Amino acid sequence: MGYSLNGWPEPVVPVQLISNSGITEIPAKYIKPPTKRPSLESLETKVDTDLYIPVIDISPLIRGSDHTDEVTHAISHACKEWGFFQVVHHGVTPDLVQKMKDVWREFFYSPIAVKKIYSNNPTTYEGYGSRVGVDKEAILDWGDYFFLYLLPESTKNLDKWPKLPPNLREITEKYGEEVMKLCKVLIKAISKSLSLDESYMLKAFGGDDNIAETLRVNYYPKCPQPELTLGLSPHSDPGVITVLLADEHVKGCQVKKGDSWVDIKPINGAFIVNIGDQIQVLSNAIYKSVEHRVVANAQSERFSFALFCNPRGDMTIGSAPELVDPLSKPLYDPITFDEYRMYVRTRGPLGKLQVESLKAA
Ligand code: OGA
Ligand code: NI
């Protein structure tokens, strides 16, 4: 195929360096073809509050209350309508959230020579990077990121973790633990909302101790021509669910609804939750992972934290027999998560094409 997974097809230039250089026109490698450019009008003019994705108060789930039917129902509705929702009263403290933002901002603001120590490669993606996919011809996205494996413990490689600021590791680990607790609560509720046993999905994805967690800290530097590019191209997330922490002051993430792109307006203190490809497969497409993307911004830089809850790598995931009509076949061919992830990683963001490729013949 003309590339090797040991390295990138060409030298990787951090977008932060390009942005800080003071250019007024972005390099050709970032200019999307006209049909793939965002229409930025919606970002400035739309004030229609009807377009908020659902906001769900999940305190009954967090408290372990017996009265959770309403919440389960709201989750089911959101998964069917949007594949996205915001959760409030989720149990992760504002203090921890703020510390997470602070330590990672400090990391991204450290000198380029320090960040380059952690440069990543396209086999594991762990570390500091600026591209996804190894196609040399690809038009690049306007963003840098840091990617880490958090859980299970055996997948964590501390050599790849930034040593500075000194409390980054402790705070990131704590954040990972707290968000994993939340993910388990949400996965149980999603399982119940499909009339499956509440532990069904957790088991199918590797069980309490082996379900996996990775973190992608996204940094989108200011972009002088946001109308020509994207911070992150359309994609669906490959795993089970994603819990996104995003800045409530700087919009950027958009979700596809029918043929339009709808801005997500994060509520202060909320997390944005979305369904990944593995739930689409397991639920036999009763719930679908939904395409989303990030638009670039001329006025403000933006950070976001995507916590991906994934199946254990060697788990083979197929549609739950309970959710397949007895008179038809499952929609998807089973595949292990490691195999699927490798496929996604070599290709980079491709909208929904990746999960569609699992469709049974
Ligand atoms: C992602 C993602 C959205 C954002 O990292 O997969 O969709 O707002 N991020 O950064
Ligand atoms: Ni995503």
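Computed from a predicted model, the values in this text were never measured in an experiment. Just so you know, ligand 1 is whichever comes first in the structure, and atom 1 is the first atom listed for that ligand.
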For [atom], what is the nearest protein heavy atom, given as residue, atom name and distance?
{"atom": "atom 5 (O) of ligand 1", "value": "Asn218 ND2, 3.1 Å"}
{"atom": "atom 6 (O) of ligand 1", "value": "His235 NE2, 3.1 Å"}
{"atom": "atom 8 (O) of ligand 1", "value": "Arg302 NH2, 2.9 Å"}
{"atom": "atom 3 (C) of ligand 1", "value": "Val294 CG2, 3.6 Å"}
{"atom": "atom 2 (C) of ligand 1", "value": "Leu232 CD2, 3.5 Å"}

Point to revise | Minimum-distance atom from the Ni ion (ligand 2) among N, O or S atoms of Asp237 | key: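 Of the nitrogen, oxygen and sulfur atoms in Asp237, the Ni ion (ligand 2) lies nearest to OD1.
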Review point. Which N/O/S atom belongs to His235 and is the closest one to the Ni ion (ligand 2)?
Key: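 The nearest such atom is NE2.
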Check your understanding: Are side-chain heavy atoms of Gln278 and Gln280 found at a separation under 4.5 Å?
Key ->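 Contact flag for Gln278/Gln280 side chains = no.
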Practice item. Measure the shortest side-chain to side-chain distance between Leu96 and Thr93 over non-hydrogen atoms and say whether it is less than 4.5 angstrom. Key: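 They are in side-chain contact.
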**Study point:** Which of the ligand 1 atoms, numbered from 1, are nearer than 4.0 Å to a heavy atom of Ala306
**Key:**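 With Ala306 as reference, the close atoms of ligand 1 come out as 5 (O).
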Exercise for review: State the atoms of ligand 1, each with its element, that fall below the 4.0 Å cut-off from a heavy-atom position in Arg216.
Suggested key: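 Those of ligand 1 that fall under 4.0 Å from Arg216 are 5 (O).
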Practice item. For a ring-ring contact (aromatic ring centres under 6.0 Å, His included) with Trp104, tell me which candidate from Phe303, Phe146, Tyr109 qualifies. Key: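 Among Phe303, Phe146, Tyr109, the one meeting ring-ring contact (aromatic ring centres under 6.0 Å, His included) with Trp104 is Phe146.
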Restricting to non-hydrogen atoms, name the atom on [X] and the atom on [Y] that form the minimum distance, rounded to 0.1 Å.
{"X": "Arg345", "Y": "Tyr125", "value": "O-OH, 3.0 Å"}
{"X": "Glu126", "Y": "Asn120", "value": "O-CB, 2.9 Å"}
{"X": "Tyr287", "Y": "Ser193", "value": "OH-OG, 2.6 Å"}

Check your understanding: Can a cation-pi geometry be assigned to Arg216 and Phe147, taking NZ or CZ under 6.0 Å from the six-membered ring centre and within 45° of the ring axis?
Key ->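 That pair does not qualify as a cation-pi contact.
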Check your understanding: Is the NZ or CZ atom of Lys288 both under 6.0 Å from the centre of the six-membered ring of Trp82 and within 45° of that ring's axis?
Key ->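 Judged by the rule (NZ or CZ under 6.0 Å from the ring centre, within 45° of its axis), Lys288 is not positioned above Trp82.
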Check your understanding: Is Asp237 touching ligand 1 with its side chain, its backbone, both, or neither, if touching means heavy atoms under 4.0 Å apart?
Key ->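 The side chain, only.
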Practice item. Using non-hydrogen atoms of the residue, decide whether Phe308 is closer than 4.0 angstrom to ligand 1. Key: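 Flag set, Phe308 near ligand 1.
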